[in-house]
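Note sheet for the following structure.
From a predicted model like this one, the values you see are computed outputs, not experimental measurements. Reckoned from all heavy atoms, side chains included, excluding hydrogens, waters and symmetry mates.
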Number of protein chains: 2
Amino acid sequence: MELCDIILQPQNRNIRFTMLDKDEVKETIVNVARHIFSRFGFRKTTMDEIALATRKGKSSIYYYFESKEEIFQAVVEKEANLLKAELHEAISHFEDPREKLKAYILVRMRALNKLANFYDALKNDYLSHLEFINVIRKKYDDDEIATVESILKRGIENGEFVIDSPHLASIAIVTAMKGLEIPIFVEVNEDEVEKRIDNLVNILFYGLIKR
Amino acid sequence: MELCDIILQPQNRNIRFTMLDKDEVKETIVNVARHIFSRFGFRKTTMDEIALATRKGKSSIYYYFESKEEIFQAVVEKEANLLKAELHEAISHFEDPREKLKAYILVRMRALNKLANFYDALKNDYLSHLEFINVIRKKYDDDEIATVESILKRGIENGEFVIDSPHLASIAIVTAMKGLEIPIFVEVNEDEVEKRIDNLVNILFYGLIKR
DNA sequence: CGAATATTCGACTAAATAATTCGAAATTAA
DNA sequence: TTAATTTCGAATTATTTAGTCGAATATTCG
């Protein structure tokens, strides 16, 4: 086992005097598993490690979850929700749609960069049989488009934009945003990143701004 | 497989028209393996991954190395040499022994922090049966003590220090330096790190400076 | 050229590791 | 005290992985 000692401290069997809610225990397991999965990915994370890190017997983990996949699913869902929340928070600080979008792209990229391992696991073929991943991805994508759409709509209300279909436009923007990600994952130079985002946002908004 | 695509690009069988030096190929394998080991540690790194990343068949790897351990040994040796070189370079920029030592500790800590995974692997019990690790560690430790000793000796020549046994003093300093590392691995706050190093250096030199 | 040598890799095996199950013991609720 | 809940050690099964073998392909050199 090569996990950080903080998580690994051994402990005696838990002695409690009131029952914990089953969901609370599940939550704890998911939180611990999140760290391990995000560091090592799905394959390289073992149930033994999750058990050790949660200070439980391996069989106890199976009392709460059917399988490793089920834990992974819960983790991915949590990860997606946290990212979503972080993104909504980030754009809330700006009024100008252009600034909002810039903040969105920046935060999104940094977050995905931090989760690079995780993200790899999701992209890779050997997990494509996990149907739930596609479901989560779809839900996440829809939210992304809806968020961008709401930014655009605000611009339209302002009279700042002229857009026939904010929905189609937002799909285009999200697609472009994803395209931007790939080269940025490789070289992580902060200045360069800022510049590229600026460029992208300028290009994207070029056709939309009222003149 | 969840490695970075840069490494993973598949490739046709290599067609060369001159033989490469065997050692050059070994060097390449070690370099590739270094990345994977340092990210996932000894256990979680597989020969298949090393083979894939070097664009060779697994059996070809065994043509160059006897075993996974042998590759790991080469990697650890390289890692130790690189660190050593980096440290010598770092102290060469300063004249004052105190500054030299400060630079030494700082660079050493940053380097080990970056290699945290790796370092874990070396610390962990499940690798203690690999005798070569102790050999490398010993060699590395000796170099460390010698380096600190040379710093102290320069201070003595300057007339800045009064030390009976620079050798014993350097052992003490290296030991203290290692003690400092442990709490710092946990919380990585740059300012705090600088402050602690300053403190340590001050304490260490307190008894040595000529008054 | 063509024989000798060096290098590559696919397919296989044995061993190790990891996921999952089971039943019994411990704990808590009632 | 009894029933339900929670825990885990030990066993089982499935998967992964280190390492082997032999044949095929490349390269060198006479």
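Among residues two or more places apart in sequence or in another chain, the side-chain contact (heavy atoms from CB on, under 4.5 Å) test is passed with A/A103 by A/F94. Under the side-chain contact (heavy atoms from CB on, under 4.5 Å) criterion, B/S150 pairs with no residue at all, not counting sequence neighbours. By the side-chain contact (heavy atoms from CB on, under 4.5 Å) test, B/S170 pairs with B/I145, B/V148, B/E149, B/L152, B/H167, sequence neighbours left out. The side-chain contact (heavy atoms from CB on, under 4.5 Å) search around B/Y62 returns B/M47, B/K58, not counting sequence neighbours.
Distance, A/K56 NZ to D/dT5 C1': 12 Å, rounded to whole Å. The distance from atom CD of B/E24 to atom P of C/dT7 is 12 Å, rounded to the nearest whole Å. Distance, A/I29 CD1 to D/dT7 C1': 12 Å, rounded to whole Å. To the nearest angstrom, C1' of D/dA18 lies 17 Å from NZ of B/K44. Between the CD1 atom of A/I61 and the P atom of C/dA18 there is a distance of 16 Å, rounded to whole Å. Counting to the nearest Å, the C1' atom of D/dC8 and the CG atom of A/L52 are 14 Å from each other.
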Between the protein and nucleotides 19-23 of chain C, list every N/O to N/O distance that falls short of 3.5 Å.
unit_1 : atom_1 : unit_2 : atom_2 : d
C/dA19 : OP1    : A/T45  : O      : 3.4
C/dA19 : OP1    : A/K68  : NZ     : 3.0
C/dA19 : OP2    : A/M47  : N      : 2.8
C/dA19 : N7     : A/K58  : NZ     : 3.2
C/dT20 : OP2    : A/Y62  : OH     : 2.9
C/dT20 : OP2    : A/K68  : N      : 2.9
C/dT20 : O5'    : A/Y62  : OH     : 3.4
C/dT20 : O4     : A/K58  : NZ     : 3.3

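Residue A/S60 places at least one side-chain N or O under 4.0 Å from the OP1 or OP2 atom of D/dC8. At the phosphate of D/dT7, neither OP1 nor OP2 sits under 4.0 Å from any side-chain N or O atom of A/Y63.
Sorted by first and then second residue, the salt bridge (Lys or Arg N to Asp or Glu O under 4.0 Å) pairs with a member in residues 79-90 of chain A read A/R34-A/E79; sequence neighbours excluded.
Note: B/F37 and B/F72 have perpendicular aromatic rings, judged against thresholds of 30 and 60 degrees for the angle between ring planes.
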